[in-house]
Structure formats: C-alpha cells, structure tokens
Amino acid sequence: MIAAPYVGRFAPTPSGPLHFGSLIAALASYLDAKANSGQWLVRMEDIDEPRCMKHADEMILDTLALHGLTWDGDVVYQSRRHQYYQRQLNALLTQHRAYYCNCTRAMIRQHGGVYPGTCRDENRPAEGAAVRIELVNPITSFTDRVLGQVEITDPHALEDTVLKRRDGLFSYNLVVVLDDIDQGVTDIIRGSDLLTTTATHLSLYTMLGKAPPRYGHIPVASVAEGRKLSKQNHAAALNMQTPVRNLCEALAFLNLPLPSSISPRCVDDVLQWATDNWHINKIPQKMEIIVAAEESTYHT
Ligand code: GLU
C-alpha cells in the first residue's frame with residue numbers, strides 16, 4: 001500500500017465512445033486509486049480538437065458511471081485551459097528553457113525523423129513557429145510500478161519535444177504534464193503504448209522543477225501484434241447492456257479474474273471484490289495482450 005495521499009486519474013481523449021481497451025485503463029487506474037484510499041479524477045484530453053468527436057465526452061462519462069467508476073471532483077476539460085497552458089509556456093520562453101523553431105517536418109525527416117536541435121540557439125521569430133523545450137539531461141530510464149526497471153532506447157526521448165505546434169495547438173506532452181502537476185496527480189496507471197512518452201514527461205517534470213508521479217504501464221489490448229484496439233481499427237463501443245460482464249472481462253485481462261464462486265449482482269459487487277483483491281504485481285508485465293474478438297464484447 002502506498003502512503004496517502006494518493007491522487008490517480010483517467011484521461012481519455014474523447015475521440016469516440018469507450019471500448020474494451022479504454023475500459024481496462026479506466027478500471028486499472030480506478031482500482032489502484034481505491035485500493036490505496038486515493039482520489040480518482042477524470043480529465044477529458046480534448047486539446048487536439050480536430051481529433052475529438054462531438055458528445056464523445058458525455059458518452060464516456062455515461063459509460064464510466066454505468067460501470068460504477070465514479071470519479072472525484074469535477075471533470076477537467078483541456079479545451080478550457082488554453083490560457084493556463086499559454087502562461088506556463090510563456091514562463092518557459094522567458095526563462096530561455098523553451099525556444100521557437102521553424103523547421104518543417106521534411107527538414108526533420110532528413111535527420112532520420114528525430115529533431116537535432118537546429119533552432120536551439122537561433123533566436124527564431126515567434127511568427128509561424130513551433131515552440132520546443134530545450135531539454136537538458138533527458139531522462140531515459142525509470143522504475144515502473146508494473147514493468148520494473150525501464151530503459152527507453154527510442155531516440156525521440158532525447159529530442160527537444162514540441163510544446164506548441166506551428167498551427168497553434170498545444171502538444172499532448174506539454175498539457176498532460178501541466179495538468180497532472182496542477183491536479184496534484186501522484187500516480188498514473190495507463191497503457192504501455194505511452195511508455196516512451198513517459199521518458200519525455202519525466203524530463204519535463206525535471207525542467208519544471210516538479211516531483212514526478214509514479215507510473216505504472218499496463219498491457220494494451222490488441223487485435224493483432226502491434227495493433228492496439230482503437231477507434232482507427234474500429235473497436236466497437238462497449239455493450240451498455242452488460243456492464244458486469246464487461247468489468248469481469250476487463251478484470252480477467254488484468255489477471256484478476258473473479259472467482260467462479262462469486263456471483264456479482266451489480267457493478268458495485270465486482271468493484272468491491274476487485275478493490276479488496278487488487279495488487280498491482282498481478283498485472284501481466286507485458287506490452288500488449290492479443291484479445292480474441294469473439295471472446296469479448298467488441299467486434300472488429
Ligand atoms: N489521452 C490519452 C489517451 O487517450 C491518455 C493520456 C494519459 O493517460 O496520460 O490515449
């Protein structure tokens with residue numbers, strides 16, 4: 001058990017309704033928070049508005065509620081926090097810890113797709129430029145609560161990541177870190193598809209002089225090797241008629257199957273049993289688990 005206070009969160013991108021893969025992330029983060037007497041927050045990561053679907057936020061919240069995954073406090077929407085992000089970005093620029101960059105994607109491709117820091121000391125004008133962090137001492141290894149010691153070899157973890165794009169959109173890497181700091185998040189349980197970006201996030205925490213949260217990366221549900229269940233590969237929305245079954249399938253995925261001697265009457269029965277029996281060490285130390293479509297509630 002982690003010493004209190006614990007603040008966890010689920011941070012979906014409202015690009016479509018919840019599917020089995022996102023239920024797993026929601027459930028794992030919820031159970032870890034509850035088993036540690038913590039708070040569990042929900043944040044809508046709708047910063048990349050073109051990727052978002054109208055009313056997906058409401059669908060996601062309804063689905064969480066139907067599964068008994070009740071969040072603490074108000075749901076935070078990134079789309080309403082632009083001023084906050086800009087203030088933090090301005091501070092980094094003023095402190096010369098971020099800089100303007102007008103390199104195009106084609107130019108970066110010529111360097112193997114990894115940004116080589118071309119504009120670092122060039123004092124580029126702000127007009128039409130992206131903003132990048134000047135990453136000092138990037139972090140490439142960390143201890144993960146599920147996977148243990150992790151070494152990131154992807155060279156993207158070393159590059160001066162974009163904080164604000166040329167088209168004016170704040171980057172996921174910036175806002176996720178700013179929000180987790182602002183919301184006092186101490187523990188992040190999320191899919192292993194975000195493992196490499198965690199190195200970047202840890203570097204940003206250091207740049208911002210903040211203590212990072214603990215991370216635990218759970219396997220993602222995939223339809224085939226390297227193909228995680230997602231809107232792109234047409235993962236269907238969860239069956240809203242079978243919330244107990246959906247939770248039981250998600251628990252089995254997390255290697256915490258409900259014993260056959262227990263017949264839950266409602267979602268709260270399942271969640272209570274799972275909270276009482278939760279142990280993060282039971283989660284498979286894998287990047288992905290292939291789920292057979294016919295065994296689950298979704299169809300590809
Ligand atoms: N919004 C991200 C997603 O839906 C998750 C971000 C996170 O958990 O840090 O994939």
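Numbering of ligands and ligand atoms starts at 1, following listing order.
- Residue, atom and distance of the protein heavy atom nearest to atom 1 (N) of ligand 1 are Glu45 OE1, 2.6 Å.
- Between Leu31 and Leu271, the shortest heavy-atom distance links the atoms CD2-O, 4.0 Å.
- More than 12 heavy atoms of other residues, nucleotides or ligands lie within 6.0 Å of CD in Gln95, so this atom counts as buried by the packing criterion.
- A heavy-atom separation below 4.0 Å is found between Tyr172 and ligand 1.
- Note on Arg51 versus Glu49: no salt bridge recorded, every NZ/NE/NH1/NH2 to OD/OE distance being 4.0 Å or above.
- No more than 12 heavy atoms of other residues, nucleotides or ligands lie within 6.0 Å of CD in Glu127, so this atom counts as exposed by the packing criterion.
- Residue Lys282 qualifies as enclosed at atom NZ: its count of foreign heavy atoms under 6.0 Å is above 12.
- By the 6.0 Å and 45° rule, Lys164 stacks over the aromatic ring of Phe170.
- Atoms of ligand 1 lying under 4.0 Å from any heavy atom of Val176, numbered from 1 in the order shown and given with element: 9 (O).
- Ranking the protein heavy atoms by distance from atom 9 (O) of ligand 1 puts Arg190 NH1, 2.7 Å first.
- With respect to atom 8 (O) of ligand 1, the closest heavy atom belonging to the protein is Arg9 NH1, 2.7 Å.
- The shortest contact between atom 5 (C) of ligand 1 and any protein heavy atom is with Ala11 O, 3.3 Å.
- Counting heavy atoms under 4.0 Å from ligand 1, residue Thr13 touches it through both backbone and side chain.
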